[in-house]
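In what follows, a single structure is set out as structure tokens and then discussed.
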Protein chains: 2
Amino acid sequence: MAIKGTQTRRKLGKKTVSELVVVRLILYRRILRDLAFSGTRYVFSHQLAASADVTPEQLRRDLMNVRYEGSPTRGYEVVVLEERIGAFLDPPTTQAVALVGVGNLGRALFAYFLGRRPLLQIVAAFDIDPAKVDRLLNGCPSYHISEARTVMRDKGIYVAMIAVPAAAAQSVADTLVEAGVRSLLNFADVRLRLPPDVYVEHIDIGITLEKVAFFARRPAATKVPGSP
Amino acid sequence: MAIKGTQTRRKLGKKTVSELVVVRLILYRRILRDLAFSGTRYVFSHQLAASADVTPEQLRRDLMNVRYEGSPTRGYEVVVLEERIGAFLDPPTTQAVALVGVGNLGRALFAYFLGRRPLLQIVAAFDIDPAKVDRLLNGCPSYHISEARTVMRDKGIYVAMIAVPAAAAQSVADTLVEAGVRSLLNFADVRLRLPPDVYVEHIDIGITLEKVAFFARRPAATKVPGSP
DNA sequence: ACGAAGCTGTGAAACATGTAACAGCGTTTT
DNA sequence: AAAACGCTGTTACATGTTTCACAGCTTCGT
Ligand SMILES: NC(=O)c1ccc[n+]([C@@H]2O[C@H](COP(=O)([O-])OP(=O)(O)OC[C@H]3O[C@@H](n4cnc5c(N)ncnc54)[C@H](O)[C@@H]3O)[C@@H](O)[C@H]2O)c1
Ligand SMILES: NC(=O)c1ccc[n+]([C@@H]2O[C@H](COP(=O)([O-])OP(=O)(O)OC[C@H]3O[C@@H](n4cnc5c(N)ncnc54)[C@H](O)[C@@H]3O)[C@@H](O)[C@H]2O)c1
């Protein structure tokens, strides 16, 4: 329940699905979208697995969570599988997302999430800086953080991203949770402490870069395939 | 070898360390820095563990990788432990990092990595847009991507971050690897396919937000402590 | 029509990771 | 001075995740 080795699961029907499976399903779906777009009709597990950088066995196992069976001869029908994964992953309706902190990172995130993901839209921004509040950013209204409760309630927002300075992150998170947010994506480099029924994901770019740098100096740590 | 459930390890002396351990050590060190800064001299495993949102057992176990033993009565001496983790994690010398793609995200990353991490510095930026090339960004020179090989060699760069559009990411990655980069942090939403001796970490914000949204709608999936 | 080929789905084994339990040891208490 | 305490390091156990291995289809070639 910490840094995401083993963690939250969500019950679905009878079974329970781990975060890792969810992430991979999301990835598969994205690849399927691209395939569909490029006109591919059928795909085999080993092809899809290669694109996702996963073994075919794992892909097939992950797909067991979805109600769809491929044909041994044709493989999976791209659009059908995509649709099936969607049925598993997608919300019944569009989900509204809030973004808190309209600084360097916040603005980049705005730009990024603009057109895509019709089911997941940033519908409100928050900041504390008077200069950034009560305007329209890419067509999305920005509010002072003190209005969180009202806005969340009015717009039915349960998901938020936090992109404020580390020092402010915990207090912002508390405010958001009080305002009804149930699930958070935090970019500030502090570990948030929140009630256990709130889902929190940390994207800690600083730590990740340190990690990448660390593994850059390894004496070739990857598996060597047997040669005989 | 895939989405980071089970993965790369780095040999160190006799033992081998998993990515998850490395990430947690980095986190512990950051917390120790803050503690040292605030004047704390000693810390117990349960305190440090709480800040890192980890169990004390796990913390102690992680620390087994570092050559330092705490006192049962005082706990760990903050500055010593910090130093010891540093000895484990840090490069012998400052590590140079390149940033490829100076768009919305690239600029935000620049701002973020400016003052911090003296051991890890962005010393070169690359782009393909003539308007963004051959200038100074926050005191850091930017080059056309075609100069990658020369610049990497001259500056001894082995670590790079990729923040270019998805369509360009694979080709940029190939170029970088050819130019000598050994370890990559990729923000574009494509899974890079690279030789196995290159370390690649993906930060896929789109997928992560989808995941967070998914778990926002769970019927309270967290563990319930026994009640009798 | 039959066998070979090549894929899927899945039970069972192997592996990695996290959790619990405990032995040892300074410090404080009585 | 001895016993009790509370914390550390480590070993043993439990859980979660991936890999292996194989049975069952469906087509294709002969
Ligand atoms: N910029 C990056 O690439 C990057 C990378 C990794 C992590 N981060 C983290 O993301 C966070 C934001 O980074 P940034 O570069 O955008 O910083 P920034 O200073 O550019 O922006 C921070 C924004 O948050 C607002 N803010 C401050 N206190 C607030 C509060 N209490 N409530 C609401 N809004 C508040 C500020 O007004 C500002 O607009 C930081 O924690 C940083 O560590 C940023
Ligand atoms: N902006 C975000 O918050 C965000 C979030 C998640 C992921 N991403 C991903 O990060 C990447 C960059 O996002 P962005 O918003 O900064 O995009 P952007 O369009 O603002 O910037 C992309 C930059 O890359 C440069 N570029 C294009 N092709 C190149 C090449 N072959 N070599 C070198 N440079 C090249 C462009 O000139 C531009 O400066 C995208 O893949 C995006 O999906 C961005």
Side-chain angles (χ1 to χ4, degrees), chain A residues 1-11 14-25 27-28 41-50 52-78 80-81 84 221-223 225-226, chain B residues 1-11 14-25 27-28 41-50 52-78 80-81 84 221-223 225-226:
Chain A
M1 196 202 280
I3 255 167
K4 307 290 170 183
T6 298
Q7 63 276 91
T8 315
R9 301 180 142 257
R10 174 170 165 201
K11 226 175 54 190
K14 296 271 175 199
K15 291 186 186 266
T16 182
V17 192
S18 87
E19 288 190 35
L20 290 104
V21 174
V22 172
V23 169
R24 285 192 298 258
L25 286 174
L27 175 60
Y28 302 151
R41 205 155 299 215
Y42 290 94
V43 67
F44 289 118
S45 71
H46 63 87
Q47 302 172 305
L48 196 48
D53 197 16
V54 162
T55 65
E57 295 87 348
Q58 180 151 78
L59 169 74
R60 293 203 299 272
R61 184 160 289 274
D62 290 338
L63 291 187
M64 284 173 66
N65 294 290
V66 155
R67 276 319 289 156
Y68 175 63
E69 309 219 335
S71 138
T73 49
R74 259 176 273 275
Y76 304 94
E77 197 172 345
V78 172
V80 179
L81 182 53
R84 240 60 207 61
T222 9
K223 297 164 207 161
Chain B
M1 191 199 289
I3 256 166
K4 307 291 168 179
T6 296
Q7 63 279 92
T8 315
R9 302 179 143 257
R10 172 168 166 203
K11 226 176 53 192
K14 295 270 174 199
K15 293 186 183 265
T16 183
V17 192
S18 88
E19 287 191 37
L20 289 96
V21 174
V22 171
V23 168
R24 285 192 299 259
L25 286 174
L27 175 60
Y28 302 152
R41 207 155 298 215
Y42 289 95
V43 68
F44 289 118
S45 69
H46 66 264
Q47 302 172 305
L48 196 47
D53 197 17
V54 162
T55 66
E57 295 85 349
Q58 180 150 78
L59 169 74
R60 293 205 299 273
R61 174 168 264 246
D62 289 339
L63 291 187
M64 285 174 63
N65 294 293
V66 153
R67 274 319 289 158
Y68 174 64
E69 310 220 334
S71 138
T73 49
R74 261 178 270 277
Y76 304 94
E77 198 173 344
V78 173
V80 180
L81 183 54
R84 239 63 206 57
T222 9
K223 298 164 206 162

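The analysis underlying the following values was restricted to heavy atoms, covering all of them including side chains, and did not include hydrogens, waters or symmetry mates. Convention: sequence-line order gives letters A, B, ...; per-chain numbering from 1.
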For [N], take OP1 and OP2 only and decide whether either is under 4.0 Å from a side-chain N or O of [X].
X: A:R60; N: C:dT8; value: yes
X: A:S18; N: D:dT17; value: yes
X: A:R67; N: C:dG9; value: no
X: B:T73; N: D:dC7; value: no

Without decimals, in angstroms, what is the distance between [X] [atom1] and [N] [atom2]?
X: A:H46; N: C:dG9; atom1: NE2; atom2: C1'; answer: 16 Å
X: A:L25; N: D:dT17; atom1: CG; atom2: P; answer: 13 Å
X: A:E77; N: C:dT8; atom1: CD; atom2: P; answer: 14 Å
X: A:L63; N: C:dG9; atom1: CG; atom2: P; answer: 7 Å
X: A:Y68; N: C:dT8; atom1: OH; atom2: P; answer: 11 Å
X: B:F44; N: C:dG26; atom1: CZ; atom2: P; answer: 15 Å
X: B:D53; N: C:dG18; atom1: CG; atom2: C1'; answer: 14 Å
X: B:N65; N: C:dT17; atom1: CG; atom2: C1'; answer: 13 Å

Counting side-chain heavy atoms from C-beta on, which of [options] comes nearest to [X]?
X: B:Y76; options: D:dT17, D:dG9, C:dT8; result: D:dG9
X: A:Q58; options: C:dT27, C:dG24, D:dT19; result: D:dT19
X: A:P72; options: C:dG6, C:dT27, C:dG18; result: C:dG6

Worksheet item: Just by distance, do the side chain of A:Y68 and the backbone of A:E77 share a donor-acceptor pair under 3.5 Å?
Response: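 Judged by distance alone, yes, a pair lies under 3.5 Å.
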
Worksheet entry | A:Q47 side chain to A:F44 backbone, donor-acceptor under 3.5 Å |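 Yes, A:Q47 side chain to A:F44 backbone: donor-acceptor pair under 3.5 Å.
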
Worksheet item: Looking at A:L25 and A:D62, what are the two nearest heavy atoms and their distance?
Response: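 In terms of heavy atoms, the two residues are closest at CD2-O, 4.1 Å.
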
Fill in: Heavy-atom pair of closest approach, residues B:R84 and B:R67
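Residues B:R84 and B:R67, closest heavy atoms: CG-O, 3.4 Å.
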
Discussion item. Applying a 4.0 Å non-hydrogen cut-off, can you work out what B:Y42 is touching in the nucleic acid: base, sugar-phosphate, or nothing?
Written reply: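 Nothing, no heavy atom under 4.0 Å.
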
Worksheet item: Taking for each residue the nucleotide of DNA chain C bearing the nearest heavy atom, is the 5' side occupied by A:R61 or by A:S71?
Response: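 This one resolves to A:S71.
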
Worksheet item: If each of A:D62 and A:R74 is mapped to the nucleotide of DNA chain D with the nearest heavy atom, which maps nearer the 5' terminus, i.e. the 5' end?
Response: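 By nearest-heavy-atom nucleotide position, the 5'-most residue is A:D62.
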
Discussion item. When you compare the side chain of B:L81 with that of B:L48, does any pair of heavy atoms fall below 4.5 Å?
Written reply: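 Yes, their side chains come closer than 4.5 Å.
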
